[in-house]
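Quick notes on the structure that follows.
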Amino acid sequence: MRTLILFLLAASVAFAQETRRTTTLPSPNPADDAKPNSPQVSDVYAVSGHFDRVVVLRLKYKTDLLAGMQKMVKQENIRNGVILSAIGSVRGYQVHQVSNRTLPSQDTFVKNPTEPADLVSMNGYVFDGRLHPHVTLATPDKVIAGHLEPGTEVFTFAIVTIGVMNDGVDFRHLDDKSYR
C-alpha cells in the first residue's frame, strides 16, 4: 500500500507540470473592441513585395527560442519578414491560443517547462521589427500549437528561416485587430 501511495504521489508531481491560465487582453483603446466593421476597410487586401534575402537562424541548447529570435531580428535589421519554417526540439514550452469568439479577445496560456517536444514547424511574421511566431510542437502523446511565448527553451538545436521583405512593403495593419 505504501508503495502505491508513493507511486501515485510521484505520478501526480510528474503530471502537474503543465499549467493553463486564461486572460482577457486589455485593449490600448477599449472602444476599438466595440466598433463595427468599416466600409472603408476592404474585406480582403493584398500586400505585394519580394524577399530581399533569406536569413537562417540556428539556436543552441538552452537558448530561449523567442528571445534568440528577437535578438537576431534586431541584429540582422529585419523590419518586415515572413517566418517560413523551423525545426528542432525544445526542453519545455509556453504558448498561447485564442480562446473566445467575441471582442475583447481572450488567450489561454499553456506552459510546461519540463516536457520536451519536437519543433515540427513555425510560421508567422515580423511586423516593423516585432515578431509574431506560431509554433507546432509534438510529444509522443500530443501536439501543441499556438503563439510562441518566452520560456520555450531549445533542446538539441532549433533552425528558423525568415524571408526578409523589401523596404517598400507595408505590414502595419496586417495584425491590427482594430483595422476593420
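- Gln17 approaches Asn112 most closely through the heavy-atom pair CB-OD1, 3.3 Å.
- Clustering of Ile, Leu, Val, Met, Phe, Trp and Tyr side chains at separations under 4.5 Å leaves Val120 isolated, with no partner residue.
- Heavy-atom minimum distance, Val169 versus Gly49: CG2-CA, 3.8 Å.
- Pairs passing the salt bridge (Lys or Arg N to Asp or Glu O under 4.0 Å) check and including a residue from residues 164-180, sequence neighbours excluded, read Asp33-Lys177, Arg130-Asp175, Asp170-Arg172.
- Cluster annotation: Leu84 and Ile78 are assigned to distinct hydrophobic clusters (Ile/Leu/Val/Met/Phe/Trp/Tyr, side-chain heavy-atom contacts under 4.5 Å, transitive).
- Within the 4.5 Å cutoff, side-chain heavy atoms of Leu119 are placed close to those of Leu65.
- Atom NE2 of residue His134 and atom NE2 of residue His96 lie 7.5 Å apart, to the nearest 0.5 angstrom.
- Sorted by first and then second residue, the salt bridge (Lys or Arg N to Asp or Glu O under 4.0 Å) pairs involving residues 86-111 (not counting sequence neighbours) are Arg91-Glu153.
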Requested in this report: Take Ile159 and Val56, measure what side chain to side chain contact (heavy atoms under 4.5 Å, CB included) needs, and give me the verdict at the end.
Outcome: CA-CA 7 Å; Ile159 302 168; Val56 178; 3.6 Å; yes
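- Taken together through direct or relayed side-chain contacts under 4.5 Å among Ile, Leu, Val, Met, Phe, Trp and Tyr, Phe127 and Leu131 form parts of separate hydrophobic clusters.
- Interatomic distance, CG of Asp128 versus CZ of Arg79, reported as 5.0 Å (0.5 Å rounding).
- Residue pairs satisfying the salt bridge (Lys or Arg N to Asp or Glu O under 4.0 Å) criterion with at least one member in residues 41-70, sequence neighbours excluded, are listed as follows: Arg53-Glu76.
- Heavy atoms only, all atoms of each residue included: Asn100 and Thr102 are closest at ND2-O, 2.7 Å.
- Under a cut-off of 6.0 angstrom, the local environment of CZ in Phe155 is sparse, with at most 12 non-hydrogen atoms contributed by other residues, nucleotides or ligands.
- With a 6.0 Å radius and a threshold of 12 heavy atoms from other residues, nucleotides or ligands, Lys71 has its NZ atom at or below the threshold.
- Leu66 is connected to Val160 through a chain of hydrophobic side-chain contacts under 4.5 Å among Ile, Leu, Val, Met, Phe, Trp and Tyr, so both are in one cluster.
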Table please: side-chain donor-acceptor pairs of residues 136-145 below 3.5 Å, with sequence neighbours left out.
| residue | atom | partner | partner atom | Å |
| --- | --- | --- | --- | --- |
| Thr136 | OG1 | Ser121 | OG | 3.3 |
| Thr139 | OG1 | Asp141 | N | 3.1 |
| Thr139 | OG1 | Lys142 | N | 3.0 |
| Thr139 | OG1 | Lys142 | O | 3.4 |
| Lys142 | NZ | Glu18 | OE1 | 2.8 |

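- With contacts defined as side-chain heavy-atom distances shorter than 4.5 Å, the pair Val95/Gln97 qualifies.
- Remark: Phe51 CZ is packed, more than 12 non-hydrogen atoms of other residues, nucleotides or ligands lying under 6.0 Å away.
- Using a 4.5 Å cut-off between side-chain heavy atoms of Ile, Leu, Val, Met, Phe, Trp and Tyr, Leu103 forms no hydrophobic cluster with any other residue.
- Below 30°, between 30° and 60°, or above 60°: for Tyr125 and Phe171 the angle between ring planes is above 60°, a perpendicular geometry.
- Contact check for Met165 versus Val47: no side-chain heavy atoms found under the 4.5 Å cut-off.
- Note on Tyr45 and Val82: same hydrophobic cluster, where clusters join Ile, Leu, Val, Met, Phe, Trp and Tyr whose side-chain heavy atoms are under 4.5 Å apart, directly or indirectly.
- Between His173 and Tyr179, the ring planes lie parallel to each other; the angle is under 30°, not in the 30° to 60° tilted range.
- In this structure, the side chains of Ile83 and Met69 come closer than 4.5 Å at one or more pairs of heavy atoms.
- Under 3.5 Å, the side chains of Gln106 and Thr24 contain a donor-acceptor pair of N or O atoms.
- What you find for Asp118 and Ser89 is that their closest heavy atoms are OD1-CB, 4.0 Å.
- Taking all atoms of both residues into account, the shortest heavy-atom contact from Gly81 to Ile162 is CA-CG2, 4.5 Å.
- Contact record, Met122 with Ala86: CB-CB, 3.5 Å, taken as the closest heavy-atom pair.
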